[in-house]
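All values below were derived from every heavy atom in this structure, side-chain atoms included, with hydrogens, water molecules and symmetry-related copies excluded. For ligands, and for the atoms within them, numbers begin at 1 and follow the listed sequence.
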Amino acid sequence: MNNDFDVLIVGGGMVGATVACALGDSSLKVAIIEQSPPEDFEPQQPHDLRVSALSIASQNILQTIGAWQGIENRRYCPFKRMRVWETAGDTEFCSDAIKAEELGFIVENRITQLALLDRLQQFTNVEFFCPATITKINYAATGSSVELDDGSVINTKVLVAADGGMSRVRQTVGLGVTSWDYQQHALVIYVETDYPQQDITWQRFVPSGPQAFLPLTDNYGSIVWYNSPDEVRRLKALPYEALMDELVDTFPACLGKLKQILAVASFPLKRQHAQSYVKQGVVLAGDAAHMINPLAGQGVNIGLLDAAALAEVLLDAFKNGEDIADIKVLKTYENLRRNENLKMMTVMDIFYRLFSNQIAPIKFLRNLGLGLAERVTPAKHKVMRAAMGLEGKLPKLAKGESIL
Ligand SMILES: Cc1cc2nc3c(=O)[nH]c(=O)nc-3n(C[C@H](O)[C@H](O)[C@H](O)COP(=O)(O)OP(=O)(O)OC[C@H]3O[C@@H](n4cnc5c(N)ncnc54)[C@H](O)[C@@H]3O)c2cc1C
């Protein structure tokens, strides 16, 4: 087998697999390495704890590269309404107001990944190595290689790091990060409810942190409870009946009646941003480049925008006869994405600090903000379009346009 590729993607998660599919059917020779294959989907399986709110821009990307159908064929939950409130301010956003079918979709991460992995295996120019264990990464500005534990060596012009927040590729090639801990953890609780879910997600802000509810299919939902690391550890260690009592005492009545808790997990909240996304012949995408507060569910959405922008830049350069590994080409991608991602991270931070602050003037300001968002129609529409991922400079795939 000839193991020389134009593009080698390390990480077949949602972002890496999107880069591979976006380059599918092109003239580039693409390889993608994933260490652990996701478990197959069965309709009777309980929902996974890891779910994401996918934006309309993400849906456009997945649809244009041919992976959305794989999600529809499995399991997903569209939502039309989004409610946000705290002590006095309260606002509800509804897609009808901007004549849109939905605001977004709650999808299990594994289902998005499975849909993408199915799709990428249909392309003759994409080679999928899975399960595969990398023993060594050799980076050189003139071309890199990756060694696998079966002894094979894969050579590439461009090495794409899509291997998550702890990215080994990023560390090996020496691209540094700035990071800090939010001193908060998110407790994710998978529940069965008495009644089927509706089309609404909600988030309430209380002094200890946000509380959120995401609808899943049928009578199931996902609760996210942000709190101090100690409090999350205490809650997670409780027997499910005791945790249920705490939920009923602490969460608002709109949570409705819960039948049972089915699973619980917790995640530390961290912000991390690579100081540079590129180096000659190497590029970062998704969580390998940035980790963002999950408060407004934007992490994978901005990762999919990275994937779409990267594929577009590489294909444009290739069509123009340029060297796709050249730092000038890769910088075009960085210029398109790094500032956009930084803006999103900053907005999330301002939001987070504003809503976790109990100083009276700040409380007044945020209630005023929610009140204004409720009453001023253009502002409300803009917030909705931002949540749908439709604001700002978008790559072609996010607008539903082909890049081939
Ligand atoms: C509590 C919580 C809630 C969240 N909710 C949302 C939400 O609602 N909406 C949203 O947009 N985002 C959300 N996020 C963020 C989202 O989960 C991440 O941004 C997303 O998973 C990043 O995808 P990725 O493909 O970049 O990385 P990952 O999902 O980490 O995938 C990396 C892949 O690389 C593989 N890999 C790693 N190392 C190697 C190696 N050496 N060799 C081969 N393969 C390797 C891994 O197996 C994995 O498959 C949430 C995060 C948290 C913690």
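What sits closest to atom 35 (C) of ligand 1 on the protein, heavy atoms only, is Glu34 OE1, 3.2 Å. Counting protein heavy atoms only, atom 28 (P) of ligand 1 is closest to Gly164 CA, 4.3 Å. Here the heavy atom of the protein found nearest to atom 34 (O) of ligand 1 is Gly11 CA, 3.3 Å. Protein heavy atom at the shortest distance from atom 23 (O) of ligand 1 is Val15 CG2, 3.9 Å. The protein atom (non-hydrogen) at minimum distance from atom 12 (N) of ligand 1 is Val300 N, 3.1 Å. Of the protein's non-hydrogen atoms, Gly13 CA, 3.8 Å is the one closest to atom 31 (O) of ligand 1. Looking only at protein heavy atoms, the nearest one to atom 26 (O) of ligand 1 is Asp287 N, 2.9 Å. The single protein non-hydrogen atom nearest to atom 44 (N) of ligand 1 is Gln35 N, 3.2 Å, given as residue, atom name and distance.
Contact annotation for atom 8 (O) of ligand 1: protein present (non-hydrogen atoms, distance under 4.0 Å).
Residue-ligand proximity: Gln113 is placed with a non-hydrogen atom under 4.0 Å from ligand 1. Ligand 1 has Ala162 within reach: a non-hydrogen atom of the residue lies less than 4.0 Å from it. Judged by the shortest distance from any of its heavy atoms, Met291 lies outside the 4.0 Å radius around the atoms of ligand 1.
Atoms of ligand 1 found under 4.0 Å from any heavy atom of Ile33 (numbered from 1 in listed order, with element): 43 (C), 44 (N). The Asn301 neighbourhood of ligand 1 comprises atoms 11 (O), with distances under 4.0 Å to a heavy atom of that residue. Atoms of ligand 1 lying under 4.0 Å from at least one heavy atom of Gly286, given by number and element, are 26 (O). For ligand 1, the atoms lying closer than 4.0 Å to a non-hydrogen atom of Met14 are 20 (C), 21 (O), 25 (O). Ligand-side atoms of ligand 1 in range of Ala53: 7 (C), 8 (O), 9 (N), range being under 4.0 angstrom from any heavy atom. Within ligand 1, counting atoms from 1 as listed, the ones closer than 4.0 Å to a heavy atom of Arg50 are 17 (O), 51 (C), 52 (C), 53 (C).
You'll find the ring centres of Tyr190 and Tyr220 inside the 6.0 Å limit. Between Phe105 and Trp68, the distance from one ring center to the other falls under 6.0 angstrom.
The closest side-chain donor-acceptor pair between Asn219 and Thr193, if any, does not fall under 3.5 angstrom. Asp306 and Tyr277 share no donor-acceptor pair across their side chains, judged by distance under 3.5 Å alone.
The main-chain N or O of Ile65 is found under 3.5 Å from a side-chain atom of Arg119 such that the two form a donor-acceptor pair. Remark: side-chain polar atoms of Thr156 are paired, donor with acceptor, to backbone N or O of Leu8 under 3.5 angstrom. The main-chain N or O of Val173 is found under 3.5 Å from a side-chain atom of Lys279 such that the two form a donor-acceptor pair. Under the 3.5 Å distance criterion, the side-chain polar atoms of Asn3 are left unmatched by any main-chain donor or acceptor of Asn155. Under the 3.5 Å distance criterion, the side-chain polar atoms of Asp326 are left unmatched by any main-chain donor or acceptor of Glu322.
Listed by first and then second residue, the salt bridge (Lys or Arg N to Asp or Glu O under 4.0 Å) pairs involving residues 105-117 are Asp48-Arg110, Arg75-Glu108 (not counting sequence neighbours).
Heavy atoms of Ile134 found under 4.0 angstrom from ligand 1 belong exclusively to the side chain. At a 4.0 Å heavy-atom cut-off, ligand 1 does not touch Met166 at all. Contacts between Pro294 and ligand 1 below 4.0 angstrom, taking non-hydrogen atoms only, involve the side chain exclusively. Contacts of Asn109 with ligand 1, taken as heavy-atom pairs under 4.0 Å, involve the side chain alone.
Any N or O atom pair closer than 3.5 Å counts here, and Ala132 shares no such pair with ligand 1.
Counting only heavy atoms from C-beta outward, the side chains of Leu397 and Glu312 never approach each other to under 4.5 Å.
Contacts of Phe128 classified as ring pair (Phe, Tyr, Trp, His ring centres under 6.0 Å), with partners at least two apart in sequence or in another chain: none.
The closest heavy-atom contact to atom 13 (C) of ligand 1, among the options Ser36, Ser52, Pro37, comes from Ser52.
Relative ring orientation between Phe251 and Trp225 is described as perpendicular, the plane-to-plane angle rising above 60° on a 0-90° scale split at 30° and 60°.
Between Lys157 and Asp6 there is a salt bridge, with a side-chain nitrogen of the basic residue lying less than 4.0 Å from a carboxylate oxygen of the acidic one.
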